[in-house]
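Worksheet: the structure to be examined is printed underneath.
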Amino acid sequence: MWEKGNIYDFSKPWISHQSIQHWDTALTTEWLDKVGKPAVLDEISYEGDLGRRWGNIPGQELVRRFWECATRGGYPGHGESYVNNGDRAWLSRGGTLY
């Protein structure tokens with residue numbers, strides 16, 4: 001994941017909302033104040049057991065991030081990434097979730 005840096009210029013008139021992939025939901029207020037358009041945080045990390053930082057937060061932390069984003073006025077996304085019998089992650093492709 002990248003640190004806070006340059007984000008696309010969502011202030012362009014033909015853009016209806018901000019689509020942001022970032023784990024720090026505390027920045028939701030800043031993004032809303034800067035642009036004045038709805039902020040969709042579509043990757044606040046994934047609940048799961050993946051060996052990567054973006055895919056291994058506990059459910060309680062995902063819920064905390066979800067509520068922080070929502071109470072700041074944003075629209076958070078949700079996802080899971082669990083290893084499926086050691087061969088591949090259960091992530092958007094689906095499969096059997098044990």
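In this chain, numbering begins with 1 at the start of the sequence shown. We use all heavy atoms of the structure for the numbers below, so side chains are in, but hydrogens, waters and symmetry mates are not.
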Original post:
Checking side chain to side chain contact (heavy atoms under 4.5 Å, CB included) for the pair Ile57/Leu62: CA distance, chi angles, key distance, verdict?
Top reply: CA-CA 7 Å; Ile57 65 172; Leu62 184 61; 3.9 Å; yes
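With values rounded to the nearest 0.5 angstrom, Ser45 atom OG is found 8.0 Å from Glu61 atom CD.
In terms of heavy atoms, Lys12 sits closest to Lys37 at O-NZ, 2.6 Å. Summarising the geometry of Ser19 relative to Asp42, their closest heavy-atom pair is OG-OD2, 3.0 Å, with the distance given to 0.1 Å. In terms of heavy atoms, Leu32 sits closest to Gly74 at CD1-N, 4.2 Å. Nearest heavy atoms, Ile15 versus His17: CG2-O, 3.1 Å.
Using a 4.5 Å heavy-atom threshold, the side chains of Trp23 and Leu41 count as separate.
Trp67 belongs to a hydrophobic cluster whose remaining members, ordered by chain and number, are Val63; membership requires side-chain heavy atoms of ILVMFWY residues under 4.5 Å apart, directly or through intermediates.
Residue Tyr75 is not grouped with residue Phe10 when hydrophobic side chains (ILVMFWY) are merged at heavy-atom distances under 4.5 angstrom, including chains of intermediate members.
Of the options Ile44, Val40, Thr25, a side-chain contact (heavy atoms from CB on, under 4.5 Å) to Pro76 is made by Ile44 and by none of the others.
Qualifying side chain to side chain contact (heavy atoms under 4.5 Å, CB included) partners for Asp24, counting only residues two or more places apart in sequence or in other chains: His22, Ala26, Leu27.
Salt bridge absent: Lys34 and Glu30 never bring a charged side-chain N and a carboxylate O closer than 4.0 Å.
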